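Below is one structure, written out as structure tokens; the observations come after it.
By convention here, the first residue in the shown sequence is residue 1. Keep in mind it's a predicted model, so treat the numbers as computed, not measured.
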Amino acid sequence: MTNNNGLTVITGPSGVGKGTLVRNLLEDRKDIWLSISATTRPPRDGEQDGKDYFFLNKKKFQDLVANDGFLEWAEFAGNFYGTPRSEVEKKLETGRKVLLEIELEGARQVRKSFPEGFQIFLAPPSFQELEKRIRGRATDSEESIKNRLIRANKELEAQREFDAIVVNDNLNIALLEIKKLI
Ligand code: 5GP
């Protein structure tokens with residue numbers, strides 16, 4: 001399957017390394033524009049508003065939902081996350097390659113609105129390894145970790161819905177595979 005409308009989605013369970021991979025990808029692929037999501041989750045240490053996410057309160061998020069301001073949105077581990085619609089549509093109109101790094105429910109919504117988009121699932125080498133990575137990050141509460149592990153199981157079950165599955169065992173190999181796909 002080919003990537004023919006400029007829109008690529010990367011999904012994968014929390015802790016699989018999507019963030020690191022996407023950062024590395026953007027460093028040498030200036031043709032790709034990464035959408036900045038909005039979230040009601042509090043910022044982690046070092047995260048900046050408008051760079052990592054647009055950090056919104058629930059009311060502001062819900063107003064945007066009501067005004068059709070999101071291309072997709074979902075609840076994840078007790079917080080809301082969404083892709084602001086207008087910037088993505090503008091970039092696609094000018095022919096830019098657009099990348100969304102989102103969770104499963106959002107990916108499913110985008111599949112409906114952009115059936116020609118290309119969807120990549122980033123998988124861990126094993127569930128044990130994923131749990132180790134989530135716990136190793138040590139930035140989330142035990143409750144959030146548990147929620148993320150439950151959610152990870154659900155996401156792993158859905159990987160066959162995607163156009164491509166890339167296993168993130170070795171970062172450089174996964175990166176090469178993704179570069180070939182986009
Ligand atoms: P985190 O809290 O670890 O930054 O993100 C939690 C999950 O939300 C990750 O799987 C991430 O890909 C996903 N996510 C981030 N932004 C969005 C978004 O705009 N929409 C959806 N549906 N998921 C998102």
Looking only at heavy atoms, what is the nearest atom pair of Leu71 and Glu89, with distance? CD1-OE2, 4.2 Å

Considering only NZ, NE, NH1 and NH2 on the basic side and carboxylate oxygens on the acidic side, decide whether Arg108 and Glu105 come within less than 4.0 Å. yes

Pair Asp28 + Lys179: basic N to acidic O under 4.0 Å: yes

Salt-bridged, Glu27 to Arg23, with N to O below 4.0 Å? no

Evaluate Glu157 against Lys154 for salt bridge (Lys or Arg N to Asp or Glu O under 4.0 Å), listing each step before the verdict. CA-CA 5 Å; Glu157 279 170 10; Lys154 281 203 191 119; over 6 Å; no

Does the pair Ile102 and Gln109 meet the rule for a side chain to side chain contact (heavy atoms under 4.5 Å, CB included), with working shown? CA-CA 11 Å; Ile102 59 178; Gln109 291 169 43; over 6 Å; no

Could you tell me if the side chain of Phe76 sits less than 4.5 Å from the side chain of Ser14, heavy atoms only? yes

Using the rule that two of Ile, Leu, Val, Met, Phe, Trp, Tyr join whenever any of their side-chain heavy atoms come within less than 4.5 Å, decide whether Tyr53 and Val88 are in one cluster. no

With rounding to the nearest 0.5 angstrom, report the CG to OG distance, Asp68 to Ser86. 11.0 Å

Do Tyr81 and Trp73 have ring centres separated by under 6.0 Å? no

So do the side chains of Phe114 and Leu92 get within less than 4.5 Å of each other, counting heavy atoms only? yes

I'd like to know if Asp31 and Arg96 make a salt bridge, using a cut-off of under 4.0 Å between side-chain N and carboxylate O. no

Answer whether the closest heavy-atom distance between the side chains of Lys97 and Trp33 falls below 4.5 Å. no

Tell me whether Arg148 contacts the main-chain N or O of Ala77 through its side chain, where contact means a donor paired with an acceptor under 3.5 Å. no

Do Ile134 and Leu171 land in one hydrophobic cluster if side-chain heavy atoms of ILVMFWY residues count as linked below 4.5 Å? yes

Taking NZ in Lys132 as the centre, count heavy atoms belonging to other residues, nucleotides or ligands within less than 6.0 Å. Is the count above 12? no

Ignoring hydrogens and geometry, is there a side-chain-to-backbone donor-acceptor pair from Glu103 to Ala74 under 3.5 Å? no

Is a side-chain donor or acceptor of Asn168 paired with a backbone partner of Ala174 at a separation under 3.5 angstrom? no

Non-hydrogen side-chain atoms of Ile120 and Thr11 separated by less than 4.5 Å: no

Does Glu47 use its side chain to pair, donor to acceptor, with the backbone of Arg44 at less than 3.5 Å? yes

Could you check Ile36 against Glu101 for side chain to side chain contact (heavy atoms under 4.5 Å, CB included), going step by step and ending with a plain yes or no? CA-CA 9 Å; Ile36 301 171; Glu101 191 252 278; over 6 Å; no

I'd like to check the side-chain contact (heavy atoms from CB on, under 4.5 Å) partners of Leu64; sequence neighbours left out, ordered by chain and number. Leu56, Phe70

How many angstroms lie between CD1 in Ile165 and CD in Gln159, if you round to the nearest 0.5 Å? 4.5 Å

With a 6.0 Å cut-off (strictly less than), is the heavy-atom count around CD of Glu143, excluding the residue itself, greater than 12? no

Ile145 and Phe127: same hydrophobic cluster, using ILVMFWY side-chain contacts below 4.5 Å? yes

Is it true that Arg135 and Glu142 make a salt bridge, defined as a side-chain N closer than 4.0 Å to a carboxylate O? yes

Applying side chain to side chain contact (heavy atoms under 4.5 Å, CB included) to Lys58 and Asp63, what does each step give before you reach the verdict? CA-CA 9 Å; Lys58 269 203 176 133; Asp63 284 350; over 6 Å; no

When you compare the side chain of Val98 with that of Leu100, does any pair of heavy atoms fall below 4.5 Å? yes

Could you measure the distance from the CG atom of Asn67 to the CZ atom of Arg85? Nearest 0.5 Å is fine. 11.5 Å

Out of curiosity, does Leu99 fall in the hydrophobic cluster containing Leu181 (side-chain heavy atoms, cut-off under 4.5 Å, transitive links)? yes

Do Leu104 and Arg151 make a side-chain contact, defined as non-hydrogen atoms from C-beta onward lying under 4.5 Å apart? no

Derivation of the side chain to side chain contact (heavy atoms under 4.5 Å, CB included) call for Asn57 and Phe61: CA-CA 6 Å; Asn57 61 33; Phe61 194 97; over 6 Å; no

Does the pair Glu72/Lys112 count as a salt bridge with the N-to-O cut at 4.0 Å? no

Are Phe118 and Leu26 connected in the hydrophobic side-chain network, where two residues link if heavy atoms are under 4.5 Å apart? yes

State, to 0.1 Å, how close Glu129 and Ser126 come at their nearest heavy-atom pair, and which atoms those are. N-OG, 3.1 Å

Do the side chains of Pro124 and Leu156 get nearer than 4.5 Å, heavy atoms only? yes

Please name the pair of heavy atoms, one in Pro42 and one in Phe55, separated by the smallest distance, quoted to 0.1 Å. C-CE2, 4.1 Å

For Pro13 versus Phe121, what's the shortest heavy-atom pair and its separation? CD-CZ, 3.7 Å

Taking side chain as C-beta onward, heavy atoms only, is Leu34 less than 4.5 Å from Leu25? no

Establish, yes or no, whether the cationic atom of Arg111 lies under 6.0 Å from the six-membered ring centre of Phe162 and within 45° of the ring axis. yes

Taking Thr8 for the side chain and Ile182 for the main chain, is one N or O donor matched with an acceptor at less than 3.5 Å? no

